[in-house]
Participant: 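Take this structure first; my questions come after.
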Amino acid sequence: MAGHEPPASRPIVACAVQTPLRRAFDYLIPHNIDPGAVMPGNRVQVPFGRRQVVALILHRVDVSTVDPMKLKPITAVLDEQPLLDPLHQQLMRWVSDYYLHPIGEVYPLALSPCERRGEPPASMGEPGLKLTLRGQGLPENALKRSPRQAQLLALLQAEAQPLSALRDAGISTGIVRQLIAKDLAVRCQIDGNPAWNAGPPLPPSSEQQEAISAIRDTLGGYRCHLLDGITGSGKTEVYLQAIASCIAGSRQALLLLPEIGLTPQMLARFKERFDAPIVVLHSGLSDGERDRGWSAARAGKAAIVIGTRSAVFVPLARPGLIIVDEEHDAGYSQQDGLRYSARDVAVKRGHLADCTVVLGSATPSIESLDNVNRGRYQLLRLRQRAGGASLPSARAIDVRGLALRGGLSTEMLDTVRQTLDRGEQALLFVHRRGFAAGLQCHDCGWVAQCRHCDAGLAVHRHPIRLRCHHCGWNRDLPGHCQHCGGSRLASTGVGTEQSEAVLAAQFPGTALYRVDSDTMTGKGSRDAFHSAVRDPAPAIMIGTQMLTKGHHFPRVTLVGVVDADNLLFNPDFRGEERLLQLLYQVAGRAGRGDHPGQVLLQTRHPEHPIIARALREEYGVMAAEIIEQRYQRGLPPVGAMAVMRCDSTSLDQGIGFLQQVKREMNTTASTLIGPLPAAMARRAGRFRSQLIVMADTRRALALAMNTLVAVAEALPRPSGLNWFVDIDPIETL
DNA sequence: AGCACGCCGACT
DNA sequence: GTCGGCGTGCTC
Ligand SMILES: [Zn+2]
Ligand SMILES: [Zn+2]
């Protein structure tokens with residue numbers, strides 16, 4: 001079909017087509033399309049197999065390696081101007097190369113939902129309503145017979161209104177429709193506030209001032225700062241003032257947060273400070289909202305973009321500053337599809353686009369601290385808490401041989417009581433949700449197992465069921481042991497529900513909040529909890545890690561870690577780093593403001609080096625020791641690591657495939673470990689295995705991984721088997 | 001991943 | 001007879 005005319009006479013372009021295939025696809029530019037209109041970063045519609053798809057132009061191709069008879073022509077050019085500027089194309093190309101992910105799946109991450117579908121980019125303004133000429137001609141007291149319509153008319157007579165503002169004013173869409181039907185009003189676009197102003201800053205401490213100045217001095221070029229600031233030291237104020245400087249130079253600022261739940265309070269703080277367009281981008285928004293925010297960011301209309309990990313890919317017309325808050329947080333690492341670290345992409349982006357990058361954390365990652373040591377990042381430290389509040393005191397409770405109620409020792413319960421008696425609040429951290437971690441037969445040791453995973457089932461009370469926390473499978477609570485028939489079944493390990501029940505009985509009448517993924521289902525429950533927390537009355541908060549993320553608890557003076565041992569013997573090489581970060585983050589919730597805080601750790605291993613010293617030493621001292629250990633053991637940040645993972649319908653199939661890949665790799669520049677079954681080999685009915693790759697240098701790792709992927713691609717793929725690679729994996733289990 | 005083609009079992 | 005099961009092969 002394409003071959004009626006000598007194809008070589010037409011120009012050829014390489015395109016990123018949305019497909020998991022790890023290559024670009026070449027297309028001809030037909031006669032009816034001006035080759036000048038086909039620019040890199042433009043979207044085009046192309047035939048692909050038997051269907052038409054949206055693709056992005058990568059570059060011109062002088063000599064295609066594809067059989068000329070197979071080349072097809074582009075169907076249509078979808079954009080007059082490229083949606084991705086050359087720097088952004090370079091970033092997306094880097095992501096594809098670095099993470100060894102198909103280019104056709106990487107490029108669309110820089111597009112909004114409607115752009116991915118091939119639709120025109122969204123217009124920037126907010127959808128709104130304005131009066132027609134006829135509506136403008138009405139007298140001020142018109143529509144008296146219909147008070148709601150009159151109210152809307154009055155609002156519109158003042159000025160055109162965004163639909164969201166009308167909703168807030170209590171005007172239903174029905175009223176809007178009625179005015180439109182009467183030809184008094186029409187839908188329109190309301191442009192955002194064009195001002196880029198910052199309100200007065202809070203007076204900074206000398207440390208904050210130093211940090212702000214250091215960041216300010218590097219604006220306009222690439223520099224990465226690590227803002228190492230203990231909880232309550234005012235990192236956000238540093239962000240605000242650095243951003244104020246950035247937008248004063250009419251460059252845009254991008255602030256990344258590790259999870260959606262942190263955006264509302266950050267946005268509130270930003271709206272208070274800035275009279276400037278702020279765009280929020282995360283997966284909790286509707287497609288339309290994302291489309292509009294995306295357009296505003298790319299057009300340079302948005303002064304500030306606040307978003308979660310995927311927002312690192314949003315095009316910005318004039319990027320000036322990229323901030324990654326809580327940079328140590330695992331939420332920046334995507335765990336499926338393209339396995340990227342938004343923090344690492346942010347740093348690369350800053351480097352390519354000459355932006356200043358700020359990584360902020362109270363517990364910086366080992367990688368970032370190492371980058372400071374190597375002189376790649378500049379360290380900015382905040383060591384004082386606002387208002388001079390003192391750091392919490394920490395103590396371990398040795399619970400060996402103690403009678404526990406709901407996992408709580410008498411000492412813990414007594415300290416909770418004292419805290420409440422002083423009119424203060426207590427926060428208790430339990431590692432698991434549900435009532436108990438497992439169910440075991442007292443007579444034969446049988447443990448209730450998930451049908452689809454190599455994992456035990458957790459006991460839940462509301463409703464009463466056994467539930468797998470890895471796949472969601474659940475069953476009723478058995479009355480008898482499934483192995484010996486005995487009836488003495490006992491729950492093992494404590495979950496949030498159990499501690500909650502004990503606390504409710506011990507402290508009747510005291511406000512008690514449980515925060516885990518079972519109670520924090522909707523947006524409403526989260527909001528309700530956060531407003532409850534601001535209530536100064538004595539209260540107990542109990543929950544999982546969810547409770548530790550970034551939130552402010554001004555009245556909490558006691559933090560209890562109910563089962564500190566849970567993270568103690570994690571075989572992953574990042575286990576200790578995780579534990580340390582968790583302990584310091586949890587402790588950071590205690591004693592803000594003028595009340596000193598205390599932290600209690602319940603443990604059966606009080607002699608464990610981390611438990612014994614954590615929270616007495618500074619985080620940085622403990623982290624330095626972990627870095628030292630990593631160097632001794634030759635683990636990241638020394639050299640580089642990657643994993644090829646496999647999931648399949650049988651374990652042998654996965655291991656066999658990885659073995660075959662390993663056999664065909666004759667590398668000396670890297671070390672291959674495995675293949676080995678994953679820590680939980682069977683999960684949701686799939687068997688997981690992995691091949692770990694370690695190399696002394698990034699370059700050697702990239703080389704090895706490229707070959708590894710090429711080998712795996714060339715191998716026939718057994719049905720039901722999936723493989724993928726994970727560069728800089730956050731866990732190797 | 002889609003989406004086709006293709007070749008064998010149980011339904012109108 | 002054909003509706004449909006998913007094996008395997010291809011996409012510029
Ligand atoms: Zn038994
Ligand atoms: Zn399961």
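Every chain is numbered from 1 and lettered A, B, ... according to where its sequence line falls, protein lines coming before strand lines.
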Participant: Under 4.0 Å between a Lys/Arg side-chain N and an Asp/Glu carboxylate O for A/Arg43 and A/Glu119?
Facilitator: no

Participant: Taking the nucleotide of DNA chain B with the closest heavy atom to each, which residue, A/Glu105 or A/Arg50, is nearer the 5' end?
Facilitator: A/Glu105

Participant: Say whether, by atom type as modelled, one donor and one acceptor occur between the side chain of A/Arg339 and the main chain of A/Gln335 under 3.5 angstrom.
Facilitator: yes

Participant: With no hydrogens and no angle check, do the side chains of A/Glu289 and A/Ser286 hold a donor and an acceptor under 3.5 Å apart?
Facilitator: yes

Participant: Just by distance, no angles: are the side chains of A/Asp728 and A/Tyr98 close enough, under 3.5 Å, to form a donor-acceptor pair?
Facilitator: yes

Participant: Name each donor-acceptor pair under 3.5 Å that joins a side chain in residues 705-719 of chain A to protein atoms two or more places apart or in another chain, with its distance.
Facilitator:
residue, atom, partner, partner atom, Å
A/Asn706, ND2, A/Ala702, O, 2.9
A/Thr707, OG1, A/Leu703, O, 2.6
A/Thr707, OG1, A/Ala704, O, 3.4
A/Arg717, NH1, A/Leu721, O, 2.7
A/Arg717, NH1, A/Asn722, OD1, 3.4

Participant: Answer whether the closest heavy-atom distance between the side chains of A/Leu109 and A/Leu338 falls below 4.5 Å.
Facilitator: yes

Participant: Give me each pair satisfying ring pair (Phe, Tyr, Trp, His ring centres under 6.0 Å) with a member in residues 36-81 of chain A, each pair once, sequence neighbours excluded.
Facilitator: A/Phe25-A/Phe48

Participant: Is a side-chain donor-acceptor pair under 3.5 Å present for A/Glu327 with A/Ser368?
Facilitator: yes

Participant: Given A/Ser365, which of A/Arg343, A/Glu577, A/His328 fulfils the side chain to side chain donor-acceptor pair (under 3.5 Å) condition?
Facilitator: A/Arg343

Participant: Could you list where the contact with chain A starts and ends along DNA chain C, reading 5' to 3', using a 4.0 Å heavy-atom cut-off?
Facilitator: C/dT11 to C/dC12

Participant: Any chance the rings of A/Tyr340 and A/Phe313 have centres within less than 6.0 Å?
Facilitator: yes

Participant: Which residues in residues 14-23 of chain A have a heavy atom closer than 4.0 Å to any atom of DNA chain C?
Facilitator: A/Leu21, A/Arg23

Participant: Specify the residues of residues 642-650 of chain A, ordered by number, for which at least one heavy atom lies under 4.0 angstrom from an atom of DNA chain C.
Facilitator: none

Participant: Answer with yes or no whether the side chains of A/Ser517 and A/Arg433 bring together a donor and an acceptor at under 3.5 Å.
Facilitator: yes

Participant: Under 4.0 Å between any heavy atoms, over every strand shown, what does A/Phe48 touch: base, sugar-phosphate, or nothing? Just pick one.
Facilitator: base

Participant: So A/Gln45 and A/Val54, do their side chains get closer than 4.5 Å, heavy atoms only?
Facilitator: no

Participant: Determine whether a donor-acceptor pair (N or O, by modelled atom type, separation under 3.5 Å) exists between the side chain of A/Gln252 and the backbone of A/Arg318.
Facilitator: yes

Participant: Using a heavy-atom cut-off of 4.0 Å to chain A, what are the terminal contacting nucleotides of DNA chain B, in 5' to 3' order?
Facilitator: B/dA1 to B/dA4

